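Since we're looking at a predicted model, the values are computed, not measured.
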Amino acid sequence: MSDIALKTYTERANVHPNAVAKKLLRLMDEKKSNLSVAVDLTKKNQVLELVDKIGPSICLLKTHIDIVEDFDADMVQQLVALAEKHKFLIFEDRKFADIGNTVKLQYSAGVYKIASWADITNCHTVPGEGIISGLKEVGLPLGRGLLLLAEMSSKGTLATGSYTQATLELAEKHNDFCMGFIARRRFPGLKSDFIHMTPGVGLDVKGDGLGQQYRTPEEVICESQSDIIIVGRGVYGSGRDAAQEAERYRKAGWEAYQRRISK
Ligand code: BMP
């Protein structure tokens, strides 16, 4: 078991150099939540209603803002207000994947102005180091954090082996801005304390027919030593009450974490 995986989120927050990571780790312990919900809905009001319901159970809201058909600036204001009301951070899962100059514009400008409201965003490393440098020019002065996609949850993903290894090295090099990874497990032997977030989490089903692969919170947090579970349809897609489902995942994630740190 890695040393960091045995520490509490607060112990890690106390010494963490990255402001966003520090804030996130603190509120995880405060809310007893390592749950991020992926709200992949396409109407502004559906998104806002769901976020208000599940807000008390999450540490991090994950958005795909470009799937919202009636997006406007008011939606962002309301999301930020909900984040303050329920105490969670916002992660726009933009998965940038272009050259540094282009991602700078995509991150700061356009319809969504992601850098102005999202605490955290993420990128693929396929373009090389320039993508991180470009995003950092925009995000670091604003106190934002970046996650690198080191692995993916989907069947047949090409993000494995030397690609994953090179991604870890880029994160260490830019550890002032890179605060963590999207990954299936904690990577051993890292020098910095990166927050590992894992999508592809479900308690009831094993996949979705389009390549998604689900594992349980116990497998992800306790066995694979990741820090945060990302759950989408498991929370809002079953037809059951979303607030209750979010609580079910929060409890499962939290209990798995407690088992891990008491090992
Ligand atoms: P769901 O739990 O409904 O399968 O949703 C998973 C969410 O996590 C989606 O928003 C998807 O874009 C995201 N995701 C993923 O499933 N696998 C990855 O490797 C990376 C992701 O961001």
Listed by chain and number, what are the side-chain contact (heavy atoms from CB on, under 4.5 Å) partners of Asp66, not counting sequence neighbours?
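If we apply the side-chain contact (heavy atoms from CB on, under 4.5 Å) test to Asp66, skipping adjacent residues, the hits are His64, Tyr112.
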If the condition is side-chain contact (heavy atoms from CB on, under 4.5 Å), which residues does Lys44 pass it with, not counting sequence neighbours?
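With sequence neighbours excluded, Lys44 shows a side-chain contact (heavy atoms from CB on, under 4.5 Å) to Leu48, Val68, Asp70, Asp72, Asp74, Met75, Gln78, given in chain and number order.
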If only atom types and distance count, is the side chain of [X] paired as donor or acceptor with the main-chain N or O of [Y] below 3.5 Å?
| X | Y | result |
| --- | --- | --- |
| Ser192 | Asn175 | no |
| Asp208 | Gln212 | yes |
| His86 | Asp52 | yes |
| Asp93 | Lys62 | no |
| Thr42 | Glu69 | no |
| Glu172 | Lys191 | yes |
| Arg260 | Cys222 | no |

Quick check: closest heavy atoms across Tyr9 and Asn34, and the distance to 0.1 Å?
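Answer, listing the atom of Tyr9 first, then Asn34: OH-ND2, 3.2 Å.
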Please state whether the rings of Trp254 and Tyr257 are parallel, tilted or perpendicular, taking 30° and 60° as the class boundaries.
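Ring orientation of Trp254 relative to Tyr257: tilted.
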Do we see a donor-acceptor contact under 3.5 Å between the side chains of Ser224 and Arg215?
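Result is yes, a qualifying pair exists.
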Side-chain donor-acceptor pair under 3.5 Å between Glu247 and Ser57, yes or no?
yes
